[in-house]
Amino acid sequence: MSDFPDDMPFFGEPDAPRKPQERPAGAEPSGIAARAMAARNQQRGEPTYLTGLNPEQRLAVETTEGPVLVLAGAGTGKTRVLTTRIAHIINQGLAYPSQILAVTFTNKAAREMRERIGVLLGDSVEGMPWLGTFHSIGVKLLRRHAELAHLRSDFTILDTDDVIRLIKQLIQAEGLDDKRWPARSFANMIDAWKNKGLSPSEISEGDARAFANGKGRELYEAYQNRLRTLNACDFGDLLLHPIRIFRTHPDILREYHQKFRYILVDEYQDTNTAQYMWLRLLAQRPQNKTRTDNPDGFSAQQGVNLCCVGDDDQSIYGWRGAEVDNILRFEKDFPGAAVIKLERNYRSTAHILGAAGYLISHNEGRLGKTLFTDAPDPDDARVQVHAAWDSEEEARAVGETIEQAQRHGHKLNNMAILVRASFQMREFEDRFVTLGLNYRVIGGPRFYERLEVRDAMAYLRVVAQGADDLAFERILNTPKRGLGDASMRQIHDYARERGIPMLEAAHDLVQTEELKPKPRSALREVVENFYRWQSLIDITPHTELAEMILDESGYTAMWQNDKTAEAPGRLENLKEFIRSMEDYESLRGFLEHVALVMDADKNENMDAVNIMTLHSAKGLEFETVFLPGWEEGLFPHQRSLDEGGRSGLEEERRLAYVGVTRAKKNLHIWFVSNRRIHGMWQSTIPSRFLDELPEAHVEIAEMDGNYGGYGSSGGYGQSRFEKADPFQNSYSTPGWQRAQQNRNDATRNNWGSRSGANVERIGYGETESSFGAGRGSVKGRTIDGEIVSKSVNVSTSDFKVGSRVFHLKFGNGTVAVVDGNKLTVEFDKAGQKRVLDSFVKPV
DNA sequence: AGCATGTCCATTTTT
DNA sequence: TGGACATGCT
């Protein structure tokens with residue numbers, strides 16, 4: 001929390017401001033006076049920040065008392081409501097900034113809110129100390145009460161990497177095979193348990209048994225113990241420790257109840273169970289004592305001043321523990337809650353909203369909103385659905401459309417390609433490189449996750465927190481000092497035996513004869529260095545100290561001596577790393593920032609097309625949006641369907657909804673007939689979501705060119721879509737039911753009905769049927785796209801080496817190798833390819 | 001210690 | 001197919 005001060009005294013009388021300038025403009029310290037002031041404001045006319053809000057937004061801002069759920073659809077001004085509401089509370093003197101708890105999921109959202117509140121309130125009000133992510137606020141709470149969680153207040157926050165390494169050690173210490181029981185998957189299990197708020201004693205018997213021959217619970221316990229001895233926390237603990245503290249120390253909880261007059265939560269649909277418990281503890285005051293607990297008379301109404309903002313239709317993080325149910329249940333959880341729907345959309349055209357609305361209406365279990373707009377749309381551009389032969393052509397065509405738009409004066413920055421899975425990006429990147437079209441990929445690996453930055457961090461962590469064994473292990477032999485596994489083991493064992501940190505153990509060990517001379521002197525040097533750096537921590541500016549550490553440790557030299565291509569880049573990153581420290585007051589502050597934020601600003605000024613996943617597009621908007629890959633198996637993704645069933649499908653549909661609602665003016669959706677998955681070509685069928693788009697708002701785009709040579713001659717490429725009644729049938733047959741059909745039936749039926757529905761493929765449906773029939777042994781239980789995975793372990797192909805076969809994409813060829821149902825075929829024109837036997841037919 | 005070879009895997013991502 | 005990772009060889 002280095003980036004904003006909490007200069008408001010913590011447990012003081014809430015009504016006695018410490019510093020006069022902390023008083024919000026126009027507000028008086030006491031509740032009664034505040035309300036009087038508010039009344040005066042009313043008489044004078046409404047505050048300017050309220051003008052320009054629509055009635056619903058305004059209601060959401062002004063309903064300050066009691067529980068409120070704001071259902072804010074995409075592009076309905078959610079952030080505006082949230083920030084204005086805070087400004088309103090402060091401006092009306094209902095609370096000081098320090099008495100408002102405002103929680104977001106991402107640092108980005110927190111930053112944005114902070115800025116916008118600043119704009120609303122001007123400079124006269126200091127930043128809000130309790131605005132932040134669940135985790136950053138969790139840290140803040142935990143630092144105050146660390147001892148109640150058996151930690152010191154300078155505990156370290158471990159990231160996923162640290163956690164995995166730690167768990168790996170534990171698994172090995174148990175004498176288990178870390179191959180058979182990968183640390184990563186156990187880390188995921190722990191994470192999932194923590195998302196649900198479960199401590200080792202609370203996990204289900206089944207879960208406990210599921211890992212490491214029934215040692216799951218034991219390992220989880222061992223892990224927690226290890227964290228405690230390391231004086232460390234993982235991300236989950238940042239929530240769980242406060243929860244436990246609140247539960248076991250009602251007095252402490254009560255103090256926070258008094259402190260936080262107003263609680264606001266952003267993206268409520270993304271909360272997991274632990275976050276929900278945390279919120280509930282803070283928000284739910286004991287009913288019977290509401291009055292007496294409120295001596296200051298602030299709370300005019302009984303109940304909680306909790307305002308949750310979210311959109312059940314945009315819940316796309318179920319797979320990482322988010323419980324849509326939290327938002328669906330809100331009114332039950334908080335009786336008497338006001339529910340305010342924001343449905344007026346300020347972002348997209350009516351066509352786009354129409355498409356989005358009809359698509360999402362196929363979900364059950366929603367609270368139900370329909371976005372609308374009054375804004376005229378001069379272009380009257382419908383959503384365009386395009387077909388392409390394969391992913392290569394898809395990329396080519398998208399590239400062409402982008403260039404066309406660019407020629408018409410559209411900025412690349414205003415365009416985005418949103419994919420379901422990141423492997424799809426590559427084809428676009430390749431194409432854009434060829435075209436010389438600027439693009440940027442949003443999402444990829446982060447600055448602080450890079451190897452060299454993590455190494456540098458590890459050095460700093462050992463200096464700042466000598467007990468940080470994970471960091472110590474990471475850099476003990478980086479750069480190489482001849483301190484290999486053997487030395488590491490000795491230090492480790494020595495430390496474990498005595499229960500001391502490894503740095504200390506190393507310090508002791510060099511005094512003994514236990515190490516061989518060479519490692520001993522190397523280790524002595526390391527230890528002496530660290531001790532020296534530690535002694536400098538308070539007397540040397542932290543950036544200078546960091547430079548010193550990297551130089552004297554030989555770390556910088558290591559990269560300077562490295563002749564590989566990436567070394568210069570790494571050195572550059574290290575410089576950038578030091579530079580980024582300048583923004584922080586101290587080493588401690590910096591380390592905390594990195595642990596929680598893992599984010600470094602990049603300077604992106606160029607005009608470039610944005611490429612990212614649908615997930616990372618949430619919250620963003622673009623003039624023109626491309627949504628490629630709308631095919632069964634990819635989108636909706638097969639695994640979501642397999643693992644999540646109906647709710648998995650609904651989450652995929654919400655993801656589609658998120659994608660569609662990112663577009664302001666132009667939306668292009670693409671699907672292809674052939675996609676290479678795991679290196680093998682597969683026929684694909686259009687996504688069921690295409691059937692779920694309303695005819696009135698959608699236009700089937702004609703292919704306007706010869707893409708790739710197959711198109712013009714091969715019969716398919718010149719896609720023709722039947723305009724007559726393209727969507728009619730599919731509504732009566734929900735895609736999901738269709739999906740339950742047996743693969744062969746599904747293949748025939750889908751192609752059959754689809755070619756009569758929105759696609760006409762000359763000669764395709766017929767051929768495909770016969771392909772399917774050629775492989776009767778494969779029984780896909782669920783979805784069409786599944787064949788690949790299902791077919792792997794199935795009987796050997798009917799094809800033989802030397803057979804002549806025909807493939808839709810590659811034409812005629814001769815089978816060269818048969819491997820189960822995978823064939824290597826020497827095609828006459830296309831050369832050697834690996835294909836599934838189901839996609840070729842005998843000639 | 002560093003390269004060659006084999007093996008396994010293959011959504012989505014924040015903190 | 002290709003990449004990440006581990007093992008094993010020189």
| request: Look at all strands and tell whether A:Asp270 reaches a base, only sugar-phosphate, or nothing, counting heavy atoms closer than 4.0 Å. | output: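 Result for A:Asp270 = nothing.
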| Touch class at under 4.0 angstrom, heavy-atom based, for A:Glu449 against every strand present |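 No contact.
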| message | I'd like to know if A:Arg420 reaches the base of B:dT12 with its side chain such that a donor and an acceptor end up less than 3.5 angstrom apart. | response |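 Counting by modelled atom types and ignoring angles, a donor-acceptor contact under 3.5 Å is found here.
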| message | Assuming nearest nucleotide by heavy-atom distance, tell me which of A:His615 and A:Asn477 is located more 5' along DNA chain B. | response |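 Nearer the 5' end of the strand: A:Asn477.
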| Nucleic acid footprint by protein, nucleotides 5-10 of chain C - heavy-atom cut-off 4.0 Å, B for base, S for sugar-phosphate alone | -SS---
| task | Apply side chain to side chain donor-acceptor pair (under 3.5 Å) to A:Ser422 and list each qualifying residue two or more places apart in sequence or on a separate chain. | result |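 Not a single residue meets the side chain to side chain donor-acceptor pair (under 3.5 Å) criterion with A:Ser422.
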| Is the ring centre of A:Trp319 under 5.5 Å from the base ring centre of B:dT12, and are the two planes under 30° apart, so that they stack? |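 Whether judged by distance or by angle, A:Trp319 passes, so it stacks on the base of B:dT12.
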| query | By ring pair (Phe, Tyr, Trp, His ring centres under 6.0 Å), which residues pair with A:His637, not counting sequence neighbours? | reply |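 For A:His637, no residue satisfies ring pair (Phe, Tyr, Trp, His ring centres under 6.0 Å) once neighbours in sequence are set aside.
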| said: So, OP1 or OP2 of B:dT13: does either fall under 4.0 Å of a side-chain N or O from A:Ser616? | reply: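 Indeed, a polar side-chain atom of A:Ser616 lies that close.
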| field | Pair A:Glu427-A:Ser391, side-chain donor/acceptor within less than 3.5 Å | value |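 The criterion, which ignores hydrogens and geometry beyond distance, is satisfied for A:Ser391 and A:Glu427.
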| field | Over-ring placement of A:Arg454 relative to A:Tyr448, 6.0 Å and 45° cut-offs | value |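 Because its charged atom misses either the 6.0 Å distance or the 45° angle limit, A:Arg454 does not stack over A:Tyr448.
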| request: Using the P atom as the reference point in each nucleotide, state the distance between B:dT12 and C:dC5 in Å, no decimals. | output: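 That atom pair is separated by 15 Å.
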Measure [atom1]/[X] against [atom2]/[N] and give the value in whole Å, please.
{"X": "A:Gln314", "N": "B:dT12", "atom1": "CD", "atom2": "C1'", "value": "16 Å"}
{"X": "A:Gln424", "N": "C:dT1", "atom1": "CD", "atom2": "C1'", "value": "16 Å"}
{"X": "A:Ile677", "N": "C:dG2", "atom1": "CD1", "atom2": "P", "value": "15 Å"}
{"X": "A:Gln275", "N": "B:dT14", "atom1": "CD", "atom2": "P", "value": "14 Å"}

| From NE2 (A:His593) to OG (A:Ser136), nearest 0.5 Å |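 It comes to 11.5 Å.
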